[in-house]
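We use all heavy atoms of the structure for the numbers below, so side chains are in, but hydrogens, waters and symmetry mates are not. All chains are named by letter (A, B, ...) in the order of the sequence lines, taking the proteins before the strands, and each is independently numbered beginning at 1.
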Amino acid sequence: EAGVVQSPRYKIIEKKQPVAFWCNPISGHNTLYWYLQNLGQGPELLIRYENEEAVDDSQLPKDRFSAERLKGVDSTLKIQPAELGDSAVYLCASSRGTSGGQETQYFGPGTRLLVL
Amino acid sequence: GQQVMQIPQYQHVQEGEDFTTYCNSSTTLSNIQWYKQRPGGHPVFLIQLVKSGEVKKQKRLTFQFGEAKKNSSLHITATQTTDVGTYFCAGPSTAGGTSYGKLTFGQGTILTVHP
């Protein structure tokens with residue numbers, strides 16, 4: 001089966017500009033995750049969707065970050081405006097069911113964001 | 001809140017030497033998962049351990065879940081250059097004894113192997 005697809009793979013923007021990332025999970029996977037990974041750190045969850053519903057967005061900086069998962073399939077993560085500290089890798093992952101922490105998560109290749 | 005800690009942060013070995021990374025959680029875990037991330041790559045699932053004291057093997061990799069289900073280890077026998085990468089453990093986030101539907105990742109152990 002095809003893996004998790006993310007685009008773009010790389011993005012360089014100037015601070016205060018908006019940026020959007022797109023994720024297509026593995027077909028049939030109900031749960032979708034957006035993670036932030038800083039250099040030398042483990043992934044940190046930003047938001048988790050079960051189908052169309054955002055069930056955990058406690059770590060999402062809502063003043064500048066937004067996400068959506070229309071129709072319970074693809075998802076977009078947006079930052080507006082971007083700040084220098086947002087430079088990181090943004091990983092999307094999906095899992096089959098809705099048990100969250102009990103399930104194997106499949107990660108996409110990530111989007112490497114550099115804010116200048 | 002729950003913390004998942006890994007040691008060491010870095011490990012440099014000569015090819016053929018063994019390698020072990022340790023993972024400790026501040027709370028009891030219902031399961032623990034291990035992921036590997038190659039340089040420039042993304043985390044890839046290796047294994048999940050569920051039972052207290054469980055030991056699983058994948059070729060040269062041995063995974064162990066502690067009796068108290070608060071710690072785990074990954075041991076690689078006779079490392080190869082293909083083992084290079086960062087190894088993460090991850091456990092379900094918990095609060096008040098309730099397991100929530102997300103994983104908390106450790107900070108990872110970066111393994112380099114010198115040929």
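A distance-only check finds a donor-acceptor pair linking the side chain of A/Y49 to the backbone of A/A67 [under 3.5 Å]. Side chain of B/K56 to main chain of B/L61: no donor-acceptor pair is present (N/O by atom type, distance under 3.5 Å, no hydrogens or angles). A donor-acceptor distance shorter than 3.5 angstrom exists from the side chain of A/S87 to the backbone of A/V115, with no hydrogens or angles considered. Listed for the B/S72 side chain is a donor-acceptor partner under 3.5 Å among the backbone atoms of B/Q64. Under a 3.5 Å cut-off, the side chain of B/S52 and the backbone N or O of B/E67 do form a donor-acceptor pair.
Within the 4.5 angstrom heavy-atom criterion, only side-chain atoms of B/Q37, from C-beta onward, approach chain A. Residue B/Y35 touches chain A through its side chain alone, counting heavy-atom pairs closer than 4.5 Å. Proximity to chain B (any heavy atom under 4.5 Å) is restricted, for A/Q37, to the side chain, taken from C-beta onward. Contacts between A/Q6 and chain B at a heavy-atom distance below 4.5 Å are absent for every atom of the residue.
With chain A as the partner, the residue from B/G108, B/P43, B/G106 showing the most heavy-atom pairs under 4.5 Å is B/P43. Considering only heavy-atom pairs separated by less than 4.5 Å from chain A, the leading option among B/G40, B/G41, B/A90 is B/G40. With chain B as the partner, the residue from A/P43, A/A93, A/G110 showing the most heavy-atom pairs under 4.5 Å is A/P43.
Salt bridge annotation for A/E14-A/K16: absent, with no cationic side-chain nitrogen under 4.0 angstrom from a carboxylate oxygen.
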